[in-house]
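What follows is a short report on a single structure.
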Amino acid sequence: MFIKEDIIRLIRENDVKFIRLQFTDMNGCLKNIAITEPQLEKALDGKISFDGSAIDGFVNIEYSDMYLKPDLSSFAIFPWRPQQGKVARLICDVYMADGTPFKGDPRYALKREVKRAAEMGYRLDVGSECEFFLFHTDDMGKPTTMTHDEGGYFDLAPLDMGEDCRRDILQTLSGMSFEIESSHHEVAHGQHEIDFKYTDALKAADDIMTFKLVVKNIAYKHGLHASFMAKPLGGIAGSGMHINLSLMKNNKNVFSDKSGEMGLSETGRSFIAGILAHSNALTAVLNPTVNSYKRLVPGFDAPCYTSWSASNRSALIRIPAAGGRIELRSPDPTCNPYLAVACVLRAGLDGVEKNMTPPEPTAAAVFTLSDEERAAKKIERLPESLRDAVNALRQDEVISDALGEHISKQYIEYKNKEWEKFASHVTKWEIDEYLTKY
């Protein structure tokens with residue numbers, strides 16, 4: 001664990017001239033204030049202020065003075081930036097002018113849920129599997145939807161033309177102390193996946209934000225555009241961000257029970273039941289854009305229904321063969337990882353606290369079942385639009401409470417406006433379909 005003097009020493013020893021104070025807005029977009037080395041001590045004391053009214057979902061202009069308090073353990077030097085006059089970063093928590101944590105800070109929402117779990121004796125470990133596309137850019141450097149290659153699942157170069165870019169991403173992440181488990185070309189042309197090792201919930205969310213920043217910057221250096229959009233191209237697989245969950249108590253994984261079905265304990269089953277019970281509201285957070293729902297359709301291995309399984313990769317929740325963990329397959333990489341993990345943790349622990357029991361697992365591909373068969377198995381359709389998901393969130397007191405009153409109100413308001421903006425937009429599909437027909 002770093003202390004203030006460690007940060008000062010590291011910055012001076014490594015010739016760091018610029019420090020980026022990073023934080024995340026409600027929509028999961030990374031923001032920062034850049035300072036120079038002479039302002040470092042002021043920053044470490046939490047005395048760097050910014051205008052909170054300029055950030056979506058934060059505060060209005062009457063209460064706009066906000067402060068950034070760095071998490072010293074997050075210190076890292078950016079390997080891709082110039083090595084003379086280096087650039088470093090510190091991830092920050094957002095505070096009000098009176099010195100209290102800002103309740104609209106997504107990182108605060110997760111820290112609150114982590115603390116609540118700790119009071120129950122639990123720690124959540126999270127490992128993510130993040131997918132993204134690499135696209136060509138045009139002559140102006142703007143992104144296109146032309147994929148960088150025509151490779152498929154697990155292909156190698158020359159079919160996988162993103163191999164060099166992906167290797168540079170991995171090397172950069174390793175230089176920032178990430179422990180990478182695997183990487184490979186995904187199903188769709190130009191699509192890639194990088195998986196990193198599980199860690200505690202807060203660091204996992206921090207790492208996802210750092211991961212996306214690294215991927216975009218290294219892709220840019222290769223003349224490419226990296227997109228984490230859920231479904232940038234129709235007719236092919238979209239990009240997911242599966243999250244693997246293990247619940248620890250006294251350093252023991254309480255999801256694991258070798259004598260239980262699928263190696264899963266009763267606690268694990270109750271955690272699953274909690275997620276399933278709140279899945280409609282969770283979808284508004286795990287799949288937060290209009291485009292997210294173009295991915296949650298049958299036929300592309302993305303979950304559409306509230307099912308769980310040991311083997312079926314189209315299920316919402318899968319229990320990997322090794323057992324002892326839960327893979328939640330619905331999130332996509334446009335989600336805010338702090339809010340996503342906070343809400344999943346609360347939902348699962350709600351199932352544990354109430355001793356919920358999930359329906360029986362389903363081995364069959366759920367979209368091949370009839371409505372009657374799904375009803376008999378207590379399997380429901382996930383929300384099919386952002387509007388439906390946000391309506392479910394509004395009615396779910398548990399998930400709304402996990403977000404907190406400030407974020408919940410702002411999030412629902414912002415997402416309703418996003419839906420209304422989309423609903424009033426005339427798309428090319430509508431022109432092609434209706435202009436000459438009617």
If I compare all heavy atoms of [X] with all of [Y], which pair ends up nearest, and what's the gap?
{"X": "Val290", "Y": "Trp419", "result": "CG2-CE3, 4.2 Å"}
{"X": "Pro232", "Y": "Met229", "result": "CD-O, 3.4 Å"}
{"X": "Ala205", "Y": "Leu110", "result": "CB-CD2, 3.7 Å"}
{"X": "Phe228", "Y": "Glu131", "result": "CD2-O, 3.6 Å"}
{"X": "Phe211", "Y": "Cys130", "result": "CE2-CB, 3.5 Å"}
{"X": "Ala273", "Y": "Pro358", "result": "CB-N, 3.5 Å"}

Electrostatic pair [X]:[Y] at N-O distance under 4.0 angstrom:
{"X": "Arg116", "Y": "Glu353", "answer": "yes"}
{"X": "Asp206", "Y": "Lys203", "answer": "no"}
{"X": "Asp6", "Y": "Arg9", "answer": "yes"}
{"X": "Arg346", "Y": "Asp401", "answer": "yes"}
{"X": "Glu373", "Y": "Lys377", "answer": "no"}
{"X": "Glu418", "Y": "Lys415", "answer": "yes"}

Taking atom [atom1] of [X] as the centre, report whether more than 12 heavy atoms of other residues, nucleotides or ligands fall under 6.0 Å from it.
{"X": "Tyr153", "atom1": "OH", "answer": "yes"}
{"X": "Phe300", "atom1": "CZ", "answer": "yes"}
{"X": "Lys216", "atom1": "NZ", "answer": "yes"}
{"X": "Lys4", "atom1": "NZ", "answer": "yes"}

How far does CZ of Phe18 sit from NZ of Lys86, to the nearest 0.5 angstrom? 14.5 Å
Is the Phe23 to Phe50 ring centre distance short of 6.0 Å?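 Yes; Phe50 has its ring centre under 6.0 Å from that of Phe23.
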Let me know which of Thr24, Asp71, Asn336 forms a side chain to side chain donor-acceptor pair (under 3.5 Å) with Arg107.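 With Arg107 as partner, Thr24, Asp71, Asn336 yield a single side chain to side chain donor-acceptor pair (under 3.5 Å), made by Asp71.
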For Glu413 and Lys417, what are the C-alpha separation, side-chain angles and deciding distance, and is it a salt bridge (Lys or Arg N to Asp or Glu O under 4.0 Å)? CA-CA 6 Å; Glu413 182 179 312; Lys417 288 179 180 177; 3.6 Å; yes
Do the side-chain N and O atoms of Ser292 and Thr289 include a donor-acceptor pair separated by under 3.5 angstrom? yes
How about Thr100 and Asp98: does a side-chain donor come under 3.5 Å of a side-chain acceptor? yes
What class does the angle between the rings of Trp80 and Phe78 fall in, given that below 30° is parallel, 30 to 60° is tilted and above 60° is perpendicular?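 The arrangement is parallel - the two ring planes meet at less than 30°.
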Side chain to side chain contact (heavy atoms under 4.5 Å, CB included) partners of Ser307, counting only residues at least two apart: Ala315, Val366, Ile379
